[in-house]
Amino acid sequence: MAVVQRQPGKRDILAGLNEEQIRAVTTVAGPVLIVAGPGSGKTRVLTHRVGYLIEAGYASPWHILAVTFTNKAAREMRTRLEALIGLDQAQRLTVGTFHATCARILRRDGGRIGIDPRFTIYDDADQLEAVRQALKALGLDPKQFSPRSILSRISAAKSQFQSPQQFAEQVQSYWDEVVSRVYPRYEEILRRNQALDFDDLLTETLRLFHEHPDVLARYQDWYRYVLVDEYQDTNRVQYLLVRAISGAHRNLCVVGDPDQSIYGWRQADIRNILDFKRDYPDATEIHLELNYRSTRSIVEAADAVIRANRLRIERRLRTENPRGEPIRLRECYDEGHEAQFVASEIRRLTLRGDLRYRDIAVMYRTNAQSRPLEEALIRADIPYQLIGGLRFYERKEIKDALALLRFIANPNDSVSLQRVLAYTPLGAGIGDRTWQELERWAALTRQPVARGIAALAGQSDVVPPQISGRPARLLAEVWGTLQQLWEASERLLLSELFDLALERSGLAQLYHDAGDPEQIERWENLLQLRSVLASYDSVGDGALRAFLEESALVTDADTLDDASDQVTLITLHAAKGLEFPVVFLTGVEEGLLPHARSLESEAQLEEERRLFYVGMTRAKQRLYITYTFRRARFGAADLSVRSRFVDDIPVHLIDRGDGPARPDTSPARPVDRRATPSDGASSPPLAVGMRVFHARFGDGVVAEVRPVQSDQEVVVDFKRHGRKTLLASLANLTVD
DNA sequence: TGGTTATTTGTTTTT
DNA sequence: CAAATAACCA
């Protein structure tokens, strides 16, 4: 009977899959390693595998745990499964990132190892602040010991499951010695603030499992089928977590591609995937190598590039797709010109009609490279979305408002409290010295800073910090306001609480009542935050915590909006897992890709090469690779050298663009500039009164020409668009 | 205490 | 060329 019911669903689920994919979907028992090349239908296999487990009756949805790399990937998998197996079933699945999943486990069972379920999750900025505090407490100069490097060392130690004690025992250098003193302080600060950092979410969960086998057994019994995506980017702790949870049933399926391992710097250990067969000798290994995504030119080029790596499993990327367009390689004069080339090429592609903005992505190694690109796109009136960079949740006004909310949710979180006192009008009149004293008091009494303020307000019988006069009076007032907010948080909806918090803290007055455009934009950002909060109103009691949980764990890629028609600007790292018909890889230069800081070791260099490979394989139809002749670094211009990785692409796959004339793409050569400094590289000589034509603004008359540096600024009165000021070398004006 | 300016310093990638 | 920090004055 049951078998009869299963059959139709089963056929549906396997429809349209190739032989290897079907094997990957239907090999459900025991350990399975799926090595999936780019574009080989990996996501499809994963979702169908989950669907198959359910439809074929192997497991109920709640017995399945799927771990993804980003929240977006998790959401996408859930959405696809809703279509495949229905909303009800899909909702019962556990799909999430390692961090989100661990946070959930710790909120539920962390009490067993002394973790308060209200714990705050510290993001990167919070962690840095904690390191700075620790340095200060130790009397160390943050100039000499950069908090950034210390934090990354601490994080590395944590990822290897090393306690401060264990770390101290194996110190090998003076630098490590310093870190070994900061590390325990840092931990103490986090604990005092009831905070966990990203690493703690993982390591504490592992500790919970170690110390309480009954808890582990419960999760093992709960999650009988475990799937891990992007396995090549897991670290040691994640490896141990996976091994623990799947330890009893051993139904573990990991999917990944060693050639796309790009998070070594975050302690991702490529050996996890390379050694999977050693860890699970009975594992079934399945290779998905046929690429469905890209044209043959792109696949062959990418394959040639990655084959130059030594640390990899030998294999060949294949496709049955047509050859398509050659890969376009362009040298540009500088980053401004590169951006201009990208913009005009986007314009050209979209004007032809078959491509939309959303089909196009522009990728780069470092966030800093996005600036000139943005400027060129704005100038060309091309809509774009920037992924990463200054994220929404990193804007000052958002962080301030968020700090207030975080403090309301967890009064022991003194990093948030500090932010509230330092940056909101609530803390006006309370300066650095007062905060120093509060902190000193907190470290001395090993209590949260908030207790000290409570003591000052006469709300506690502990010995108060040594603060008197105006600051003491102000702090007592602040305490009163905060108490109102706590009380309000119990009866108000989240959006109402937010309104009250903005009003009482003075943030509303600060941003709303001020008139200048910058403040108005900030106020609009706050309103945007409010609308996010309002969507949690229906959650009920845990709304604030639910919101904070998600906002702490959002990824850059999570903010990607694929509904609207915009060009995507994105770092190579964040682009992993995405695909676009057209991809521009920009700044493909020595020092940038490979990055200057990755040149020391062969391993780092290979990771940079994988990064380039990831970028190339995002493209479905057209791939552009651009590099410059000179690039501004530190404000000053430096000559650039084209990346060595480009040399690995077979020349017959490349179009260098020096064939038939292409008026809008010829890069200005440096020689041109030097030869005619007052004349815009290849632009026609312009004079007042000339009738000119512009691709976007149409017909116009030159009203003014003035030299600027090595170029000319032209003021043109356009018939339909009015007066515009343009740079001669970029405007591409044609003289009628 | 808090706002201003001068100087100095440094840029990878992110859950 | 920024942003972040230090020094300075009100």
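Letters A, B, ... mirror the listed sequences (proteins, then strands); counts begin at 1.
The ring pair (Phe, Tyr, Trp, His ring centres under 6.0 Å) test with A:Phe584 singles out one residue from A:Tyr364, A:Tyr627, A:Tyr624, and that residue is A:Tyr624.
Atom pair A:Gln238:CD and B:dT14:P shows a separation of 16 Å (rounding to whole Å applied). A straight line from CG of A:Asn71 to C1' of B:dT14 spans 13 Å, rounded to a whole angstrom. Spacing between atom OH of A:Tyr423 and atom P of B:dG3 amounts to 12 Å, rounded to whole angstrom units. Remark: P of B:dT14 and CG of A:Asn235 are 17 Å apart, rounded to the nearest angstrom. Atom CD in A:Gln436 sits roughly 14 Å away from atom C1' in B:dT1 (whole-Å rounding).
Screening residues 253-273 of chain A for ring pair (Phe, Tyr, Trp, His ring centres under 6.0 Å) gives A:Phe69-A:Tyr263, A:Tyr263-A:Trp265, A:Tyr263-A:His573, A:Trp265-A:His573 as the qualifying pairs, with residues at least two apart or on separate chains.
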For nucleotides 5-9 of chain C, which of its nitrogen or oxygen atoms have a protein nitrogen or oxygen under 3.5 Å away, and what is each distance?
none

Within the sub-3.5 Å range, which N or O atoms of nucleotides 11-13 of chain B have a protein N or O partner, and how far apart are they?
from	atom 1	to	atom 2	distance (Å)
B:dT11	O3'	A:Arg597	NH1	3.4
B:dT12	OP2	A:Arg597	NH1	3.2
B:dT12	O4'	A:His595	NE2	3.3
B:dT12	O2	A:Arg365	NH1	2.8
B:dT12	O2	A:Arg365	NH2	2.0
B:dT13	OP1	A:Asn367	N	2.7
B:dT13	OP1	A:Asn367	ND2	3.1
B:dT13	O4'	A:Arg365	NH2	3.3
B:dT13	O2	A:Trp265	NE1	3.0
B:dT13	O2	A:Arg365	NH2	2.6
B:dT13	O2	A:His573	NE2	3.3

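Looking at residues two or more places apart in sequence or on another chain, you find a salt bridge (charged side-chain N to carboxylate O under 4.0 Å, His left out) between A:Arg642 and A:Asp647. Evaluation of the salt bridge (charged side-chain N to carboxylate O under 4.0 Å, His left out) rule for A:Asp269 yields A:Arg271 as partners, not counting sequence neighbours. A search for side chain to side chain contact (heavy atoms under 4.5 Å, CB included) contacts involving A:Ser261 returns A:Gln232, A:Asp233, A:Ile270, A:Arg610, not counting sequence neighbours.
Summary of the strand contacts: A:Phe198 and A:Thr434 both lie near DNA chain B, and taking for each the nucleotide with the nearest heavy atom, the more 5' one is attributed to A:Thr434. With the nearest nucleotide of DNA chain B identified for both A:Gln127 and A:Gly429, A:Gly429 has the one nearer the 5' end.
Panel note: side chain A:Glu606, backbone A:Ala603; no donor-acceptor pair is recorded below 3.5 Å.
Residues A:Pro258 and A:Arg312 fail the side-chain proximity criterion, which asks for heavy atoms closer than 4.5 Å. By the 4.5 Å heavy-atom criterion applied to side chains, A:Ser149 and A:Trp175 are counted as neighbours.
Relative to the ring axis of A:Phe161, A:Arg236 does not place its NZ or CZ within 45° and under 6.0 Å from the centre.
Within the 4.0 angstrom heavy-atom criterion, no nucleotide atom of any strand lies near A:Arg470. No engagement by A:Ala596 is indicated, since no non-hydrogen atom pair under 4.0 Å with the nucleic acid exists.
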